[in-house]
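Have a look at the structure below before the remarks.
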Amino acid sequence: MKRIYLDHAATTPVDPAVVETMLPFFTEYFGNPSSVYTEGRGVKKSIEAARLQIAKAINADPREIYFTGSGSEADNWAIKGIAMKNQAKGKHIITSTIEHHAVLHTCEYLEKQGFEVTYLPVDEDGLISLDDLRNAIRKDTILVTIMFANNEIGTVEPIKEIGEIVKEKGIIFHTDAVQALGNIPVDVKDLNVDLLSISAHKIYGPKGIGALFIRKGVPIDNLIHGGAQERKKRAGTENTAEIVAFGKAAEMATEHLAENAAHMKKLRDLLIKGVMDNIPQVRLNGHPEKRLPGNANFCFDYIEGESILLSLDIIGIAGSSGSACTSGSLDPSHVLLAIGLPAGVAHGSLRLTIGKHTTAEDINYVVDNLIQIIERLRKMSPINADCPIDDAVFDKAAHHHH
Amino acid sequence: MKRIYLDHAATTPVDPAVVETMLPFFTEYFGNPSSVYTEGRGVKKSIEAARLQIAKAINADPREIYFTGSGSEADNWAIKGIAMKNQAKGKHIITSTIEHHAVLHTCEYLEKQGFEVTYLPVDEDGLISLDDLRNAIRKDTILVTIMFANNEIGTVEPIKEIGEIVKEKGIIFHTDAVQALGNIPVDVKDLNVDLLSISAHKIYGPKGIGALFIRKGVPIDNLIHGGAQERKKRAGTENTAEIVAFGKAAEMATEHLAENAAHMKKLRDLLIKGVMDNIPQVRLNGHPEKRLPGNANFCFDYIEGESILLSLDIIGIAGSSGSACTSGSLDPSHVLLAIGLPAGVAHGSLRLTIGKHTTAEDINYVVDNLIQIIERLRKMSPINADCPIDDAVFDKAAHHHH
Amino acid sequence: MEYTDVVMENFTCPKHVGEIEDANGVGQVGSPACGDIMKIFLKINGDGVIEDASFKTFGCGAAVASSSMATDMIIGKTIEEAGKFKNSDVVDALGGLPAEKIHCSVLAAEAIQAAIEDYHKNKA
Amino acid sequence: MEYTDVVMENFTCPKHVGEIEDANGVGQVGSPACGDIMKIFLKINGDGVIEDASFKTFGCGAAVASSSMATDMIIGKTIEEAGKFKNSDVVDALGGLPAEKIHCSVLAAEAIQAAIEDYHKNKA
Ligand SMILES: Cc1ncc(COP(=O)(O)O)c(C=O)c1O
Ligand SMILES: Cc1ncc(COP(=O)(O)O)c(C=O)c1O
C-alpha cells in the first residue's frame, strides 16, 4: 500500500541529495576535525562550509552559528545559558504558553532554580499580544523567548515586532525557529533576534543535529562543557556527517523556499477547504492567514484524536494529534488548551502537515477518507450535538492545565 | 599515498557494516519514533533493539540506557544532573586531575555555581590512589567521577575498587568509559558504577551519538528538557539512524572484544619496543601494564609535539599530541602535567593509538620513519642533553596548571 | 506505542457498536476532558442473564477495543458472573495493552459495573 | 588549523637551520614550558650588513617556518633595516598564519631583535 506521509512538522525524510553529501563522512572523511593531520583538516573545512550554508539560510555571520545535537538542545542552551550567565542582572524570563516543550520545560526547570517566568497567554488564533509583552517586561527581565512558528497549530508570531520591543529595553531575545526554517523566510538581521534555534530533521536533513545562532557579543554560558569544539562554546567531537548534511539541507531549503512554500500552501488550502466543506462540526485551529504554509490542524467534535490517527494509519495515511513528542501522553495538547479549547475538544485534534513531495492526489485521497472516518467514529461516540452529555464535565479541563 | 591512521583514540572510521545498518533510517524508516503511525512504530522498535545491544555491551538493563548527542553530553549530564538533583544532601564532588575536559570543565563550572570539587592527583603512571580517595570523601560528598581509562596515556583506573569504596559510603559513582568500551571489558554490575558514559565514534560508530547508563533509581536531573523522549529523561527527536548505528557498533565491539584487544596489544607492544629500542631520550607515558591495548604515548625530549605530527602527516601517518580536542590550544596536556612531566617535556608528546585494521607493516613503517623524524627535529632544536638551556625555565610550568 | 493484532481487530471492526433500544441497564463512565467516555448498554433477561450488550465510546484505539472486547465477553454471562468481571480480563483477552492504555480497560470494567448497577436501580 | 603552502615548505625544507660558528650576534627567546624556543644566529659584517643568519628552533610547524622565513628575509639587510623588522613581515611572507600561531611570528621578530642587541653588546 502506498503511504501518504502528512507529518512533516514532526520530521521529514532525509533528501537523497543530502544523504549523498553525508555518506563519505562516515568512512572516508572520518577524521577528527580538531586534529592537525590531513584527515582532520579536510573535515574541518567541510564543517566550516556547512556553517556558512546555515549562516546564509538565516542571514547570519558563520561565526554566529553553533552546532548542537538537536533543536531541543539549542532551546535548552539558549535559555539556560542566558539565564545562568545573566542572573546577576535579574532572574525574570518571559515566554508564551504555546512554546514547544523544549522551551516550556526548560523554563519550568529554571523556576525550580529560583528564576521567575511569565507565560504570556495567546488569543484564540494562537497569537501573543504585544501589549501583554510590554506589560510583562520588568527591570529584572533578562530574556524573552517566543517561538517563531508553532509546531501544532502553525501560527506565526510577530517576531520582528517582538524583537523591536525587546531590543529597545536591552533584553536578550531568543526565538525557537525550528518550525519556521524552510517554510517561511528567517532573517536574524531583519528580526532583531539575539538567539535562534533550528533543527535539521524538519528541513529534510537528519535527526540529531541542530544549531543555535548566537549574535556576536551576547553573553551566554555553555550547556555542554568540555573540549574546545565550536569555538569553545559547545563541547563534543563534531557530528561531521550530520553537520555537513544540515548545511546541504539548509542550502536546499533556502534555494527552494518560495517554490516549496507556494506548493505547500496550495495543497494546505485544498486540504482545509476539503475538510471544512465536507465535514460538519469541525474547527480549524491556528491563525487563518498567519500560519505555516504546510500546516493544517483541525478539531473534530465528539471524537478523540488517536482513534482518527489509527484509522488513517490503517489506510496508509500518517498524521498526528498534538505534538509528536507528547503522544503517548494522556494530556490534551497544551497549545490547544492555550487557545481556549475545552479539554474534551482538544482531545479530538488532527494535525496534517504537508511536505515538498505531497501531491494534490494525496490530499484528495485524504479528504475522501477522512470524511468517512469521522462519520464512522462519530457514530461510535456516545456524545453528539443533541447529547453533549455534561457540559460541565466538558469544560472541566482545569486539572489538565499546568 | 597510502595513509596510516593511528589516532583511533580520537575517533574511528564508521565500520561499513554499521553504515549499512544505518542507511535505511535516513530515507525509508525516517518516521518520528514517538508517533502513533506505522512509520513511527517500526522505528521505535529499532531504537529499542539498539538500546538492548548497548545494554548487553555493558551488562546493563536496557531501561538503564539513555541516548545522548555525544560522550561529552553524557559526562555533562551525569555530573550536572547528579549535582543539581542532590545538592540538598551536599555540594562536594570528587574527581581526578586527568579526566577528560568534558568532566573537568563541567566540574569547574559547578565550582562557579557553589559546588566544591576535589581533584585527586595521580602517580607518575597516571593512577589515582585509593587512599587519597578514602581521605577525600566527606559527609557532603554527593558524587565521585573517575574515568575508566585515560584518553591520552591509556592508563586504566581501578574502577571496581573505587566502586566498592564509594558504594560503601552511599555516594553516587560515575565513570567516563568512553575510551574503555570496545577495548577492555565494561560490566556495570561487576564495577559498582551508578552512571557510565560511552560514545559511538570511538568504537567504529558515527560521531554525535553517545549514551549514559543510569542505574535504576539513581536520582538525577535532566540536562536537556523538553519532549518525552528517552522515558522523559532526555528530550529531542531521537537520532534514529545514529542510535541504530551505535547499537550495531556496540554489538560488534562486544563480539570481537577479545580478538580486537589481542590484535591491538600485539601491535602496540611492537610499536613501543620499536620506539624505545631505537630512539634515545624517549619516555613511555602511562602505566606499563594497566593501559589500553591500543594506546602508546611517548615524550621525546627537546622537541615539540606538533612538529612531530606535521612531519608524520607529510609521510602519510596520522597521530596526535595531547588530546584531539585541545590541539590548537597552546597549553601542554593537563594529563602529562598531572603525571609530573615538566611543561617543556609535555610539549613533546606523541600519542599513537592502534585500531582493529592496523597492521604490523604499518607499525614498522611508522617506527622506521619516526626514528628519522625525531633525529631531524632534534638537530633543529636549540636544546639537547648538553645544552638543556635553563632548567629553571624547563620546570616553570606552574602558570600552565589550573 | 504498540497495539496487538487483537486490539487492532477490535478497533477496526468493533463488535456491538451502538445503542440497544430496549436496554435495561446503561452505564457511562469517563469524561471528554480525560479523553475517554464509555457508555455500555445491557439487555438482561428475567433469569439475570446478559442477553445482549453494546457500547458507544469516545476515546482512543485502546478504549474502543476494550469496549468491543468487554461487551463481547459478557454477553451470555449472568449478572453475577459479570459482576466479577475485571479489567485484567479485558487486557488478557486483548493480548495486552500498552502501560499508558491500561486505564482504558479499567474504564470498560467500570462501565459494565455501572450498567449492572443501573439495572439493579431500575428494578428496585 | 590550516597552514599555507609556504608555511609547509618552510617547515619541511627550512632554510638556514643550524648554528653559525662565527656568529657575532645570537638571540634566544621563548621557553620550552611555553612550547617554543627560538635561537637566531647572525653574522654581521663591518658595514653593518647581515651577511648570514641561521636558527635553531624548538616549536611547532609555525615556529619552524617563521624562523626559516625570518632568517631568510633579513640576510643582506643592514642592521638598521633589520631593526625595523616586524612580525607581520613574517606573517605576510608566509601567506598568513592561523590566529593561534601568530605568536610564533612574534617570537621570530623578537629573536632577531635579541640577536641584534647581542651584536651591539658584543661590539660595545
Ligand atoms: C575519555 C573521554 N571522555 C569523553 C569524550 C568525549 O566524547 P565525545 O567526543 O563523543 O563528546 C572523549 C573523546 O572525545 C574521551 O576520550
Ligand atoms: C517548535 C519546535 N521546537 C523544538 C523542537 C525540537 O527539535 P528536536 O526534535 O530537533 O530536538 C521541535 C520539534 O521537535 C519543534 O517543533
Side-chain angles (χ1 to χ4, degrees), chain A residues 3 5 7 10-14 16 19 26-27 30-32 34-39 69-73 75-76 100-102 105-106 109 201 206-209 222 224-229 235-242 306 309-310 312-313 318-321 323-329, chain B residues 3 5 7 10-14 16 19 26-27 30-32 34-39 68-73 75-76 100-102 105-106 109 201 206-209 222 224-229 235-242 306 309-310 312-313 318-321 324-329:
Chain A
R3 292 200 54 93
Y5 182 75
D7 200 15
T11 196
T12 53
V14 184
V19 176
F26 291 120
T27 46
F30 71 88
N32 193 316
S34 302
S35 308
V36 171
Y37 44 76
T38 310
E39 284 85 346
S70 63
S72 298
E73 185 192 323
D75 284 341
N76 274 258
H100 189 269
H101 281 147
H105 290 167
T106 299
Y109 183 69
H201 73 97
K207 298 167 186 45
I209 186 80
N222 289 4
I224 299 186
H225 293 85
Q229 293 91 352
T237 304
E238 294 89 339
N239 189 348
T240 326
E242 297 204 331
E306 196 218 71
L309 289 190
L310 272 184
L312 287 171
D313 184 43
S320 95
S321 177
S323 64
C325 42
T326 47
S327 75
S329 132
Chain B
R3 292 201 53 96
Y5 183 76
D7 200 14
T11 197
T12 53
V14 184
V19 176
F26 292 120
T27 46
F30 72 88
N32 193 314
S34 302
S35 307
V36 170
Y37 43 77
T38 310
E39 284 86 346
T68 65
S70 65
S72 298
E73 186 193 324
D75 284 341
N76 274 260
H100 189 268
H101 281 148
H105 290 169
T106 300
Y109 182 71
H201 74 96
K207 299 169 185 46
I209 186 81
N222 289 4
I224 300 186
H225 292 84
Q229 293 93 352
T237 303
E238 294 88 340
N239 188 348
T240 325
E242 296 204 332
E306 197 218 71
L309 289 191
L310 271 184
L312 286 171
D313 184 42
S320 96
S321 177
C325 41
T326 47
S327 76
S329 132

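Here is the naming used below: chain letters follow the sequence lines, and residue numbers restart at 1 for every chain. The basis for the numbers below is simple: all heavy atoms, side chains too, and nothing from hydrogens, waters or symmetry mates. Just so we're clear, the structure is a prediction, and the values are computed from it rather than from any experiment.
Residue contact with chain A, scored on non-hydrogen atoms closer than 4.5 Å, involves the side chain of B:E242 exclusively. Residue contact with chain A, scored on non-hydrogen atoms closer than 4.5 Å, involves the backbone of B:T12 exclusively. For a residue to count as touching a neighbouring chain, one of its non-hydrogen atoms must lie under 4.5 Å from one of that chain's; by this rule B:A241 does not touch chain A. Only the side chain of B:N76 comes within contact range of chain A, with heavy atoms under 4.5 Å apart.
Of the candidates B:N32, B:T237, B:T240, B:T237 is the only one forming a side chain to side chain donor-acceptor pair (under 3.5 Å) with A:H201.
When every heavy atom of B:E39 is checked against every heavy atom of A:A318, the shortest pair comes out as OE1-CB, 3.7 Å. When all heavy atoms of A:G236 and B:S72 are compared, the closest pair comes out as CA-OG, 3.3 Å. In terms of heavy atoms, B:S35 sits closest to A:D7 at OG-OD2, 3.9 Å.
Using a 4.5 Å heavy-atom cutoff, the side chains of A:P13 and B:T27 are not in contact. B:N239 is listed as a side-chain neighbour of A:N239, based on a closest heavy-atom distance under 4.5 Å. Side-chain contact check for B:L309 versus A:Y37: every heavy-atom pair is 4.5 Å or farther apart. Put simply, the side chain of A:D313 does not reach to within 4.5 Å of the side chain of B:V36, judged on heavy atoms.
The choice from A:I224, A:T11, A:D75, A:N222 that makes the most heavy-atom pairs within less than 4.5 Å of chain B is A:I224.
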Between A:K207 and B:E238, is the salt bridge (Lys or Arg N to Asp or Glu O under 4.0 Å) condition met? List the steps. CA-CA 7 Å; A:K207 298 167 186 45; B:E238 294 88 340; over 6 Å; no
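The line from NE2 of A:H225 to CD of B:E73 is 13.5 Å long, rounded to the nearest 0.5 Å.
When the ring pair (Phe, Tyr, Trp, His ring centres under 6.0 Å) test is applied to B:F26, no partner is found at least two apart in sequence or on another chain.
Side chain of A:H105 to backbone of B:G226: a donor-acceptor contact under 3.5 angstrom is found.
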